[in-house]
Novice: 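Please read through the structure below; I'll follow up with questions.
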Amino acid sequence: MNGFFDIPSDLQHSWLGLVGLHLREALLPVLAGLLISLPLAQLCVRFRWLYPPVLWITTVLYAIPSLAFFVLLIDYTGQTELTVMIPLTVYSLVVLVPSIVDGVRSVPQETLAAATAMGFGPVRRYVQVQLPIAVPAIIAGLRVATVSSISLVSVGTLIGNQGALGNLLNDANIYNRPELAVNAVLTMAALAIICDALLVVLRLLLTPWMPRRAHTKPKADRPDPAALALEDAAR
Amino acid sequence: MIRIDSVTKRYPDGTVAVDRLSLEIPDRSITVLVGPSGCGKTTTLRMINRMVEPSEGTILLDGKDILQQPVNTLRRSMGYVIQNAGLFQHRTIVDNIATVPRMLGWGKDKARARARELMERVGLDAALARRYPYQLSGGQQQRVGVARALAADPPVLLMDEPFSAVDPVVRKGLQDELLRIQEELGKTIVFVTHDIDEAVKIGTMVAVMRTGGKLAQFAPPAELLSDPADAFVEDFLGADRGIRRLSFFPSAGLDLLTTPIVAIDSTAEQIAARDTDDVPYLLVTDLDGRPLGWCEPRDLTAGAVEAEQLLPYGRPFVAGTDSLRAALDCAVLSPTGWAVAVDAEGRAAGVVSQQTIGEAIRGAHAEGRKTDKTDKTARVAR
Ligand SMILES: Nc1ncnc2c1ncn2[C@@H]1O[C@H](COP(=O)(O)OP(=O)(O)OP(=O)(O)O)[C@@H](O)[C@H]1O
Ligand SMILES: [Mg+2]
């Protein structure tokens with residue numbers, strides 16, 4: 001009864017059940033973050049003065065420990081998944097907003113002038129020109145947000161086993177079964193790598209218009225998101 | 001007709017980019033705005049399609065204030081071409097070109113068919129249709145930019161330094177192409193450049209602007225070269241405006257000598273008959289009459305001419321079609337000092353000396369002073 005995939009009954013889920021739960025708790029916040037960031041970023045592009053304060057606020061929010069968020073939220077949302085997902089949504093903004101803003105701003109002046117001159121209104125121009133050209137930057141942001149979200153879900157274990165795979169870490173302690181901790185870390189890493197790969201595929205599908213080099217050098221200044229995930233697992 | 005009526009543009013920071021500019025831009029011809037950097041050319045152009053709103057004055061399109069129609073309708077009736085083309089990098093070439101027709105509600109197939117037709121018109125290989133902009137050279141991208149602006153067949157075309165980012169050879173090709181397209185389509189084109197040579201080459205009318213957004217002179221290119229309004233325009237035209245002006249005089253009136261032309265298979269008598277005192281050299285042609293080179297009569301033995309012995313003849317000019325400038329250039333480049341004229345098929349049509357060309361130039365100038373005032377739009381190929 002002490003197998004690698006035997007999950008203690010207090011978690012009320014099979015291993016696969018935990019994986020599903022984990023993905024939901026990690027990915028819904030990223031999606032919500034994206035939906036908030038898109039209009040927010042557009043406002044920041046349109047009103048340049050807005051960008052620095054928005055950036056500052058998202059950074060400050062990111063600096064708030066998740067525990068503090070839980071204490072604040074638990075009166076309203078209780079010991080639920082929502083209490084975990086709200087802070088994760090807020091954290092995702094710190095990468096998503098700048099990546100969308102940078103992406104939209106990277107659209108060349110000439111392209112914008114050409115669009116305006118052809119009679120594109122502001123909305124059409126945003127949807128048909130700026131957003132598609134920003135896709136590579138947006139997906140780069142999504143990759144970081146997704147991977148870090150997958151590792152951060154585990155902190156939910158602090159509020160009544162809402163940490164999905166992260167709960168295994170706690171149980172490893174209680175039942176003295178270290179293999180559960182190994183299972184948790186490896187599974188989360190695998191999820192992070194798979195989600196990251198899917199996003200890369202999505203980007204390739206969405207951007208047939210990008211120059212493809214035979215050998216893409218990994219950028220030294222941007223750490224590999226999968227590696228970040230493993231580091232963050234302890235957070 | 002586009003009428004710019006005493007228009008001033010003051011930017012919010014106080015810069016006066018255009019200062020009480022008035023221009024009448026004639027229909028179906030190319031009007032060039034030229035001037036030093038920062039003199040307000042782009043601002044003027046963008047006021048025509050309302051990308052910039054004038055601070056004072058009005059702009060009339062066919063007698064109607066451009067403020068009276070919805071801005072996007074106005075813009076869709078005016079093609080716009082800019083430096084570096086400004087193509088949509090995320091769309092294929094056909095879809096780039098089909099943009100405005102699609103916005104006007106055309107079906108996808110119809111718009112794409114139209115786009116392919118335009119690719120042909122601007123000299124783009126149909127195989128490029130499904131490519132993306134990054135897969136094209138700068139010159140090809142610029143052609144796509146022109147095709148895209150023409151897609152919905154707008155009566156007006158606004159072009160802002162469209163050819164200044166490509167190398168001189170490609171630029172010349174694009175200019176010739178534009179003139180050819182214009183011949184076929186007869187658009188009202190407003191063309192911005194800071195290159196006076198380009199302005200003189202393609203403009204029917206040229207507006208020279210000076211820093212501060214003031215109009216210095218508005219005239220056909222030939223008049224600009226012969227009668228610059230002031231020292232600024234003269235300076236802007238550059239040192240060799242006398243030579244450049246020759247571009248506007250046809251070579252048709254030149255007296256071509258045909259006597260000193262001999263075919264390579266000529267007999268001794270034929271050669272002797274052609275050797276006159278008028279010309280110190282004989283021009284040897286091949287059996288089809290195409291020039292091979294010059295030769296001194298005494299070196300020419302019938303039946304034994306080797307092409308290597310001949311003196312090069314430089315670059316021939318096309319009799320009648322080319323300008324006096326081209327003829328003079330040929331004479332200057334020819335080692336013998338004589339220019340070779342050819343017909344459209346490249347066969348030798350005659351030879352002419354620098355001296356004769358010089359006389360023709362003096363004659364043309366005298367003639368030019370008389371007719372410049374009356375026939376302002378006369379142009380010859382150059
Ligand atoms: N948005 C703006 N705000 C303030 N000043 C501007 C703005 N756009 C242009 N200007 C100023 O107006 C003047 C004319 O600019 P414009 O772009 O029309 O010049 P141009 O003739 O097209 O120059 P170039 O050949 O360098 O393109 C310049 O002094 C420029 O600095
Ligand atoms: Mg300009």
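Convention: sequence-line order gives letters A, B, ...; per-chain numbering from 1.
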Novice: Quick check on B:R131 against chain A: is it the side chain, the backbone, both or neither that has a heavy atom closer than 4.5 Å?
Specialist: neither
Novice: How about CZ on B:R3, more than 12 heavy atoms from neighbouring residues, nucleotides or ligands closer than 6.0 Å, or not?
Specialist: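 Not more than 12 within 6.0 Å, no.
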Novice: Quick check for you: among B:R75, B:H90, B:R46, which has the greatest number of heavy-atom pairs under 4.5 Å with chain A?
Specialist: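 Ranked by heavy-atom pairs under 4.5 Å with chain A, first place is B:H90.
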Novice: Just verifying a value: how many Å separate B:Y132 OH and A:M210 CE, rounded to the nearest 0.5 Å?
Specialist: 12.0 Å
Novice: Check the surroundings of atom CG in B:D109: do more than 12 heavy atoms from other residues, nucleotides or ligands lie under 6.0 Å from it?
Specialist: no
Novice: Could you tell me which portion of B:I82 (side chain, backbone, both or neither) has an atom closer than 4.5 angstrom to a non-hydrogen atom of chain A?
Specialist: side chain
Novice: Who wins among B:M78, B:R91, B:Q135 for the most heavy-atom pairs under 4.5 Å with chain A?
Specialist: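 Greatest number of close heavy-atom pairs with chain A: B:R91.
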Novice: Around atom CZ of A:R46, are there more than 12 heavy atoms of other residues, nucleotides or ligands at under 6.0 Å?
Specialist: no
Novice: Under 4.5 Å, heavy atom to heavy atom: which of residues 92-130 of chain A reach chain B? Give them by number, or say none.
Specialist: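 The residues closer than 4.5 Å to chain B, in numerical order, are A:P108, A:E110, A:T111, A:A113, A:A114, A:A115, A:T116, A:A117, A:M118, A:G119, A:F120, A:G121, A:R124, A:Q128, A:V129.
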